[in-house]
**Student:** 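Got a structure for you, written out below as structure tokens; questions coming shortly.
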Amino acid sequence: METMAIGRAINAGLRAAMDRDPRVLLMGEDIGALGGVFRVTDGLQKDFGEDRVVDTPLAEAGIVGTAIGMALRGFRPVCEIQFNGFVYPAFNQITTQLAKLRARSRGRLSVPVVLRIPSGGGIGSVEHHSESPEVLFAHTAGLRVVAPSSPHDAYWMIQQAIASADPVLFLEPERRYWQKGEVDTELAPGQVTPLHKARVLRPGTDATLVAYGPTTKLALDAAETAAQEGTELEVVDLRSISPLDVQTVAESVRRTGRLVTVSEAPTFHGPMAELAARIQESCFYSLEAPVKRVGGWHLPYPAARVEEHYLPSLDRVLDAVEQSLAA
Amino acid sequence: METMAIGRAINAGLRAAMDRDPRVLLMGEDIGALGGVFRVTDGLQKDFGEDRVVDTPLAEAGIVGTAIGMALRGFRPVCEIQFNGFVYPAFNQITTQLAKLRARSRGRLSVPVVLRIPSGGGIGSVEHHSESPEVLFAHTAGLRVVAPSSPHDAYWMIQQAIASADPVLFLEPERRYWQKGEVDTELAPGQVTPLHKARVLRPGTDATLVAYGPTTKLALDAAETAAQEGTELEVVDLRSISPLDVQTVAESVRRTGRLVTVSEAPTFHGPMAELAARIQESCFYSLEAPVKRVGGWHLPYPAARVEEHYLPSLDRVLDAVEQSLAA
Amino acid sequence: MTDTAVGPVRAHADGPARADEQHPTTRQPGMVQLLDEHGVRHHDPEHDLDLTPEELRGLYREMVLMRRFDSEAEALQRKGQLGLWAGSRGQEASQVGAGRAARRQDQLFPSYRDHGALLARGVDPLHILSIFRGIDHGGWDPVEMNVHPYTLVIAAQMLPAVGYGMGVQRDGAVGTGDPDRDTAVVAFFGDGATSQGEAAEALNWAAVFNAPVVFFCQNNQWAISEPVSRQSPVPLHRRAEGAGMPGVLVDGNDVLAVLSVVRSALDRARAGGGPTFVESFTFRMGAHTTSDDPTRYRLAAEVDAWREKDPIDRLRTYLTAEGLLDEEFEAELAAESEALAVRLREGVSAMQDPDPVSMFEHAYAEPHPQVTAERDEFLAAWEQHDADLHAGPHGGDA
Amino acid sequence: MTDTAVGPVRAHADGPARADEQHPTTRQPGMVQLLDEHGVRHHDPEHDLDLTPEELRGLYREMVLMRRFDSEAEALQRKGQLGLWAGSRGQEASQVGAGRAARRQDQLFPSYRDHGALLARGVDPLHILSIFRGIDHGGWDPVEMNVHPYTLVIAAQMLPAVGYGMGVQRDGAVGTGDPDRDTAVVAFFGDGATSQGEAAEALNWAAVFNAPVVFFCQNNQWAISEPVSRQSPVPLHRRAEGAGMPGVLVDGNDVLAVLSVVRSALDRARAGGGPTFVESFTFRMGAHTTSDDPTRYRLAAEVDAWREKDPIDRLRTYLTAEGLLDEEFEAELAAESEALAVRLREGVSAMQDPDPVSMFEHAYAEPHPQVTAERDEFLAAWEQHDADLHAGPHGGDA
Ligand SMILES: Cc1ncc(C[n+]2csc(CCOP(=O)(O)OP(=O)(O)O)c2C)c(N)n1
Ligand SMILES: Cc1ncc(C[n+]2csc(CCOP(=O)(O)OP(=O)(O)O)c2C)c(N)n1
Ligand SMILES: [Mg+2]
Ligand SMILES: [Mg+2]
């Protein structure tokens, strides 16, 4: 067991993957000498060289497009997109090539590329640095989309993502990079939770709270607060947006009868819509209240001084729980 | 009243808008002499000149990006994206600029750009020509997303989209371009259905079927077939994906107690997830069965010879209705 | 670069001067040409190449077969056997020349019209036709053939091509001097493709990383209905200057010149000399695809002028004049073409539609529960309606 | 282009030759320079410009104020009054020169570091600082000021800039000869930005449509931690060749040269002569932003070498030598700088956080029911928790 921050845990996970497999390489803007704007790749270029930790030209389509080509040649590139709002120049490569090459070639081509994207807001940034675009990728068949919420998961999930034969979008919770926790680096492969499995973080009986990535801590805080008022919330960390582990959530909802979801991603046409649609179907007879969703508003992410009113807050989560309990 | 095909109706609507406002102009690949690959702009360059019907270089980011600039200078550009699968190179301009400029400038800048995108499949095309990416835009705040399903709507909605001060994604149902219908070109402004209002196309009592764009005809066909078996389906044409006219659907569902949605867009994290999530909330006590969704599978759109098995079919819609009625 | 009809190469009866007056567009300053439209062989010390009669006949044969493949495919489309066809008539020299220039280990990243390059590599023509029948997105094995799937999204194959080259570098398969190990990449694209931002990024990345990539741009003068002047105010090969790599303009209807230029560029790339941009100046003789109607946007006169520069005719003229073609060869080739046509017709009509459930197989390498669930749903409905077909109430699509 | 220290311009005491040996990077062949790093004025018949003492002092004043603005902003960030600051030290000549070159009707499309250009246009500096305080995305009125909002997505302002120019053409505001009507556009971007596909598209579109756009690239040698060599193997202004427009390299630390070059390019654009690419060769003296740590990736020696080429110092040297600066002017300017600093400090601390509900106002021009519903939900909760603040159980964020 080691105590690490999430950013550090990803760094350690990358290092472990690079140590294990010489065909793993990193690409991105400023990931070399600088170690990335969040220092997630700190020290890796020094240790693995410029051919395996590649500072690239300032072009996201270039990063993803050439990563695809390297993957076709047998490498396993891990690309850093500097911030969530800068993934869009790469959208064509992600959507029309990365996601589809396996299907287009009827399984003959593999493009095991990982795209690491610092995601979500809450760090007082200027525009384009605080977005949660995950549903755009989750809707795109051929991609997998995951989001760790703890150092332990960050450490293992990045390695699982790299090991996956499918392309994986790996969303890193920007405002939790510095959140510390225990990492068990000694697990045997079989002991690690599968990449796409949701995890019940706190048992509860009155309602289920589902979150992922940066909102998982919020959900846990909400459960703690609610407990002080005598309400027992079960907290499920989704961990994966595509695929969705509907079963774990459904089992919880069948017990609690109520579901509140929390995401930084805007609610409207957002990732929790799918979860709500599936839960209302699979738990139709267990639900005692409609599924409630708490998320970002349907607005361009606002200026930093207002972001606390944009992001789901403890108040909004507890309000939604109250409404659910009252229904 | 005139009888026109949908493609022709859009052409007539564009012409009307261009006649009315000299600042409306068209941009796109092959829209001039060729009249567009679907001939939707047929004859317009001849009549309005090369400055108002602009054959552009082969670059979708260029089309949308320069259209934004023209809009900033006071023009109202209508861009044709040649096929749905080719919108992605423009994604950065659409998402980070087009959608946000109004909010970023706190309302001081307007970018009234319309993006026309032939959407959906069913015409036996090669790859990238048959996709339904609407949810990617519907999730993006600042954009409006609409989809006509009839010549009458096509004629009016394109004009309303052009008149809108907001950017509008206008999805044209590829396989229905040749579908004919009556167009009442003589309506006064107040008589035209508002752009974002859903419309009940067929009343029914047993369940509500919601569709838009290319699947609207399928829903109507399904209702017809079901009627022969004594089941009365209410068919709602959504017409708009953002905003969603939840109210019209909810009113219907409160009457019928059941909802089945039909879209070509993949179901998983697709546009009908949001509708399902909202309806389960607003109609929790009226729903007698879970909302059922029929849509494309979570797969890259398959080769033409298999597409009939990918697209929602009459069978799949009727199966879903049966399941809903049996619940 | 010099360019004169001298030495062992006979001056053509018509004489090049008169011909140049008639067809002023063929010879451009700075354009590499070894065989002009009258079948006259020109010398160019920098680009000259020595081919055996066998090799020359081989190029001719391949171009003739490629054209037959194209016209047969067009006919199959007209008969409803293919959904669409993207014809390659007029581009035989470009595609066969580039295809032949590549060594077997060189990786090709074709666009959607590069049939000749694939045939030169040995791809089964039926594996191309299956795309246009709507069966799949290419029947060949991209790994076995070193040929990437056709890419329909304009320019989207270019960055992956560069990345592949960067992978080759990391594999140490550049500059070793071992001709079977050193590997290069050819990215095929059109004049229209040069306008895409990704095309510019690809050139830049290749230059920055000195990747072993040849950018082979077939400027066939049209991108559907738009002439190349709408894509660029300057000749396309000049894009190379801005990107910091050599740019070469080659007569794309001259298979010798294309072969020579691309071969040198590939040699350079394999040796670690970095990327080259080749503009192959040619013409799309037919429609963009069978869905297109070129009468709407271009004049017959333009097509007629280019017919005079036909890549196959000029090679036949030259070979005939050189005494390298005889009736027996021509007869054999005619028979081979016929046999190809029969094989295509039979092969296409024998093609089986894919099993619908196979579409669920390859979206992901590893299980995706939602896809699995959808597959099960699909299968259940499929079996159900198979049963219903005999007794059931509804069937068919909208 | 000639480049000699002659005529009315005095040779500097140090003599350019010796200086050039010390700082070999300043003078580049083909780089327009009118005032070298020693304050020596050089003649260049093609690019020379005649400025009155008043105008020269005006440029000096503006650069000094711009630097003060920058250092004050940096200090405000350190004190926690701003969330972030993107400094412009070292780029004063580039930004003031380009900003001054533009006429009031010319439309500017800045990036996020082009403070000097905005100040030259007359934008209130507090309207820039509000961005970095997290209040808004730019306080100025883009229509009134003819200055587009800062664009943070690298290169994303370039295509809109070209489109604006295409709009100008359609308004008939090019080539009329009326100096108050003819309009051009300046697109500002960095060395890193040249790698984006959209940048290439923007150049190409401007060339194809002959749009009245000046592409003003400030090559400050770094894109965060990456040197310009990682963006391109060739000098950036050579991108212009590939795009088919003139490319000019100018000493970006020489305000006279920048003013002259950009002014000519704008005149040409306004007259209907089409686009120009200007590479302004300069240096980012500070960190990328206050979040950056340049010690991780560059040597102090590089910064020191560029300090010798300071744009303000050299103009001061020249003006002093010419007897154009006196103590009174310097004292007034110092007072003006102080006053600016006070105004900035006071203005920033007086800034009100926006009313949270205002974020719902401008996503759409016309009502969007889902946004309206969310706004109502927000307001209800807001009022509720306002009430709870006094009695309620929970509050605050995670
Ligand atoms: C990104 C993208 N935009 C638009 C299209 C539609 N389209 C297909 S082919 C074509 C023209 C391509 O021209 P060119 O690159 O010259 O190749 P050619 O067809 O002449 O071989 C267009 C616009 C596409 N396939 N991809
Ligand atoms: C599309 C995009 N990718 C990445 C970033 C992150 N980023 C911000 S500034 C910067 C470097 C820009 O360098 P340059 O264009 O030279 O401008 P400079 O900062 O030197 O003025 C990067 C990579 C971004 N803002 N936009
Ligand atoms: Mg072409
Ligand atoms: Mg820079």
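Letters go in sequence order (proteins before strands), and every chain restarts at 1.
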**Student:** Please check: side-chain N/O of H269(B) versus main-chain N/O of A273(A), any donor-acceptor pairing under 3.5 Å?
**Tutor:** no
**Student:** So which of P271(A), A276(A), P302(A) has the biggest tally of heavy-atom pairs under 4.5 Å with chain B?
**Tutor:** P271(A)
**Student:** Measure Q93(A) against the heavy atoms of chain B and call it side chain, backbone, both or neither at under 4.5 Å.
**Tutor:** neither
**Student:** What part of L275(A) is in contact with chain B, defined as an atom under 4.5 angstrom from a non-hydrogen atom: side chain, backbone, both or neither?
**Tutor:** neither
**Student:** Ignoring hydrogens, what is the shortest heavy-atom contact between L244(A) and F268(B)? Give both atom names and the distance.
**Tutor:** CD1-CE1, 3.9 Å
**Student:** Given 3.5 Å as the limit, does a donor-acceptor pair link the side chain of Q280(B) with the main chain of A277(A), or not?
**Tutor:** no
**Student:** Is E134(B) close to chain A through its backbone or its side chain, or both, or neither, when contacts mean heavy atoms under 4.5 Å?
**Tutor:** neither
**Student:** Counting only non-hydrogen atoms closer than 4.5 Å, does I241(A) touch chain B with its backbone (N, CA, C, O), its side chain (CB onward), both, or neither?
**Tutor:** both
**Student:** Measure F86(A) against the heavy atoms of chain B and call it side chain, backbone, both or neither at under 4.5 Å.
**Tutor:** neither
**Student:** To the nearest 0.5 angstrom, please state how far the CD atom of E281(B) sits from the OG atom of S324(A).
**Tutor:** 9.5 Å
**Student:** Can you tell me which portion of S282(A) sits under 4.5 Å from chain B's heavy atoms? Options are side chain, backbone, both or neither.
**Tutor:** neither
**Student:** Output the option from A138(B), S242(B), A265(B) having the highest count of non-hydrogen pairs under 4.5 Å with chain A.
**Tutor:** A138(B)
**Student:** Looking at K292(B), R104(B), H128(B), R102(B), which one has more heavy-atom pairs under 4.5 Å with chain A than the rest?
**Tutor:** R104(B)
**Student:** I need the residue from A303(B), P290(B), A141(B) with the largest number of non-hydrogen atom pairs under 4.5 Å to chain A.
**Tutor:** P290(B)
**Student:** Nearest heavy-atom pair of T140(B) and H298(A): which atoms, and what distance?
**Tutor:** C-CE1, 3.9 Å
**Student:** By a 4.5 Å heavy-atom criterion (distance strictly below it), what part of E60(A) contacts chain B: side chain, backbone, both, or neither?
**Tutor:** neither
**Student:** By a 4.5 Å heavy-atom criterion (distance strictly below it), what part of Q323(A) contacts chain B: side chain, backbone, both, or neither?
**Tutor:** neither
